[in-house]
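These figures come from a predicted structure and were not determined experimentally. As a basis for the values below, the full set of heavy atoms in this structure was taken, side chains included, without hydrogen atoms, waters or symmetry mates.
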Amino acid sequence: NTGIVTVPDERLEILGKLSKTQKIVPAAIEFVDIAGLVKGASQGEGLGNQFLSHIREVDAIVQVVRCFEDKDIHHVSGTVDPIRDIDVINTELVLADLQSVQKRLERSVKKAKQNDKEAKAEAALCEKLIPHLDSGKPAVTAELSDDERKLMRLFFLLTGKPTIFACNVAEGDLAAATKDPGSHPHVGKVIEFVKDSHDAEACVISAAIESELIDLSAEDAQAYLSDLGVESSGVATLIRSVYHLLGLRTYLTTGEKETRAWTIRAGDKAPAAAGVIHSDFERGFIKAEVIAYEDLVSAGSFAKAREVGKLRMEGKEYVVADGDVMDFRFNV
């Protein structure tokens, strides 16, 4: 199942009011719900290779981990143990990667004998990764140089992808688990475990609450959450976390017709950001008029911001910051 979800961003509504805008367009991410992973998937159990190929196509992985007790909802292993569940999934992904790297090493060694420099580099990287994977560790935690990490991305390893763990808790546990994750018997363990073993972060969600919110209006949903002592089911936090996990950032444009969030990569310069709107903007880039979101809201209008010197002109080397409000000048 594939779904396009919007990235929650309260800045858009505030900018929209400031500009008296007619339309608000948030950033979006595509989530793919991949089913079929069971113990032995790397050997073809369950959906086997079909499941693994689906994972290879994504940019990052969200592992939803069961952290709630419920006698009415059966667990395939009979008991609730999120660390064991993570180990089962990780083992299958590591085994699949190990097979992939071993095959790649065989091909690279043959090419390296013909004095192929790229093949030699690949073979050397494979020889580093194989013992690491063989010890049950994900590729993402291997000690590699920047060049080796860049090369490893071309391997499309399952355990080389950035991963976040979503701790799925019971409806009644969400408020306490969100405020103090360590107080929850399962969530605290997951946070510590994935930090040490996967160099990854974990967040708290409640799928049960999310399913209740589906049929409610925005007002009723907020009232329901307030009664539970939380601001959200955790899904909004998960979406924002994934957005940043992917190295994505947002800049904003606003006017009477539209207020929109545009997605760029961390470190992108002004011309690349302009190109997200249209290739002509990047090709004919001249300057960008820029103001930080906080400065614009504080000033109350573009006219006032210009008056107090908060609006500035930036050139081709400007690195766009998350939350910049921008207007581009170009000529083609």
Side-chain angles (χ1 to χ4, degrees), residues 2 4-16 18-19 21 23-32 56-62 140 144-156 160-164 239-297 299 302 305-306 309-332:
T2 302
I4 304 295
V5 301
T6 58
V7 180
D9 194 337
E10 59 188 19
R11 298 174 298 190
L12 291 171
E13 291 290 340
I14 295 169
L15 276 185
L18 188 146
S19 299
T21 197
K23 183 181 178 185
I24 289 176
V25 184
I29 306 180
E30 182 179 65
F31 277 79
V32 184
R56 291 194 196 283
E57 294 168 7
V58 304
D59 298 307
I61 297 172
V62 178
V140 73
L144 304 174
S145 67
D146 289 343
D147 286 341
E148 287 172 330
R149 289 204 173 279
K150 195 178 292 185
L151 180 58
M152 187 177 75
R153 282 200 286 271
L154 302 177
F155 289 17
F156 297 101
K161 297 178 185 293
T163 302
I164 191 167
I239 294 168
R240 283 191 291 265
S241 297
V242 170
Y243 193 76
H244 280 263
L245 184 70
L246 290 168
L248 303 177
R249 300 293 182 267
T250 300
Y251 78 86
L252 311 159
T253 56
T254 187
E256 287 186 14
K257 287 187 177 180
E258 178 183 273
T259 294
R260 181 187 286 254
W262 300 90
T263 299
I264 56 172
R265 294 204 168 271
D268 276 358
K269 294 181 179 179
V276 174
I277 298 177
H278 197 286
S279 57
D280 284 351
F281 282 34
E282 182 172 9
R283 192 166 69 250
F285 179 88
I286 300 171
K287 291 281 184 184
E289 189 174 44
V290 184
I291 182 171
Y293 163 80
E294 292 82 3
D295 289 339
L296 178 56
V297 172
F302 280 101
R306 188 173 284 108
K310 291 295 183 180
L311 272 170
R312 62 190 191 277
M313 300 303 296
E314 299 286 359
K316 292 182 177 180
E317 294 304 308
Y318 176 68
V319 177
V320 180
D322 188 80
D324 276 349
V325 182
M326 307 184 75
D327 185 31
F328 297 103
R329 297 184 185 178
F330 68 102
N331 183 33
V332 290

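For the pair Met326 and Thr253, the tightest heavy-atom approach, listed with the atom from each and the gap, is O-CG2, 3.4 Å. Nearest approach of Gly160 to Met152, heavy atoms of both residues: CA-CE, 4.3 Å. Scanning both residues, Gly315 and Ala270, for their nearest heavy atoms gives O-CB, 3.7 Å. Nearest heavy atom pair, residue Ile29 against residue Ile239, reads CD1-O, 3.9 Å. Considering every non-hydrogen atom in both Val297 and Leu18, the closest pair reads CA-CD1, 4.3 Å. The two residues Lys316 and Pro271 come nearest to each other via the heavy atoms O-CD, 3.3 Å.
Applying the side chain to side chain donor-acceptor pair (under 3.5 Å) rule to Asp280 yields the partners Arg283; only residues at least two apart in sequence or on another chain are considered. Arg329 meets the salt bridge (charged side-chain N to carboxylate O under 4.0 Å, His left out) test with no other residue; sequence neighbours excluded. The side-chain contact (heavy atoms from CB on, under 4.5 Å) test applied to Ala28 returns Ile4, not counting sequence neighbours. Considering only residues two or more places apart in sequence or on other chains, Asp9 meets the side chain to side chain donor-acceptor pair (under 3.5 Å) condition with Arg11. Taking the side-chain contact (heavy atoms from CB on, under 4.5 Å) definition, one finds that Lys257 meets it with nothing, sequence neighbours left out. Among residues two or more places apart in sequence or in another chain, the side chain to side chain donor-acceptor pair (under 3.5 Å) test is passed with Ser241 by none. Scored by the salt bridge (charged side-chain N to carboxylate O under 4.0 Å, His left out) test, Glu258 finds Arg260 as partners (sequence neighbours excluded). Applying the side chain to side chain donor-acceptor pair (under 3.5 Å) rule to Tyr318 yields the partners Arg312, Asp324; only residues at least two apart in sequence or on another chain are considered. Annotation: side-chain contact (heavy atoms from CB on, under 4.5 Å) contacts of Ala261 (sequence neighbours excluded): Leu12, Ala27, Thr250, Leu252. Listed by chain and residue number, Leu125, Lys128, Leu144, Ser145 satisfy the side-chain contact (heavy atoms from CB on, under 4.5 Å) test with Glu148 (two or more places apart in sequence, or in another chain).
Pairs engaging residues 265-277 under the salt bridge (charged side-chain N to carboxylate O under 4.0 Å, His left out) rule: Lys269-Glu317 [sequence neighbours left out]. Residues in residues 277-296 take part in these ring-ring contact (aromatic ring centres under 6.0 Å, His included) pairs, two or more places apart or across chains: Phe281-Phe330.
Put simply, the side chain of Lys310 never gets that close to the backbone of Ile291: no donor and acceptor are under 3.5 Å apart. Although no hydrogens or angles enter the test, the distance criterion places no donor-acceptor pair under 3.5 Å between the side chain of Thr259 and the main chain of Thr21.
The line from CG of Leu296 to CD of Glu294 is 10.0 Å long, rounded to the nearest 0.5 Å. A distance of 7.0 Å separates NZ in Lys150 from CZ in Arg153, rounded to the nearest 0.5 Å. Note that the CD atom of Glu314 and the CD atom of Glu289 stand 11.0 Å from one another [nearest 0.5 Å]. Rounding to the nearest 0.5 Å gives a distance of 14.5 Å between CZ of Arg240 and CG of Leu248.
Taking the side chain as every heavy atom from C-beta outward, Val320 and Arg249 never approach each other to under 4.5 Å. For the pair Val62/Phe31, a side-chain contact is recorded, criterion being any heavy-atom separation below 4.5 Å from C-beta on.
Using cut-offs of 30° and 60° on the angle between ring planes, the pair Tyr251 and Phe328 is perpendicular.
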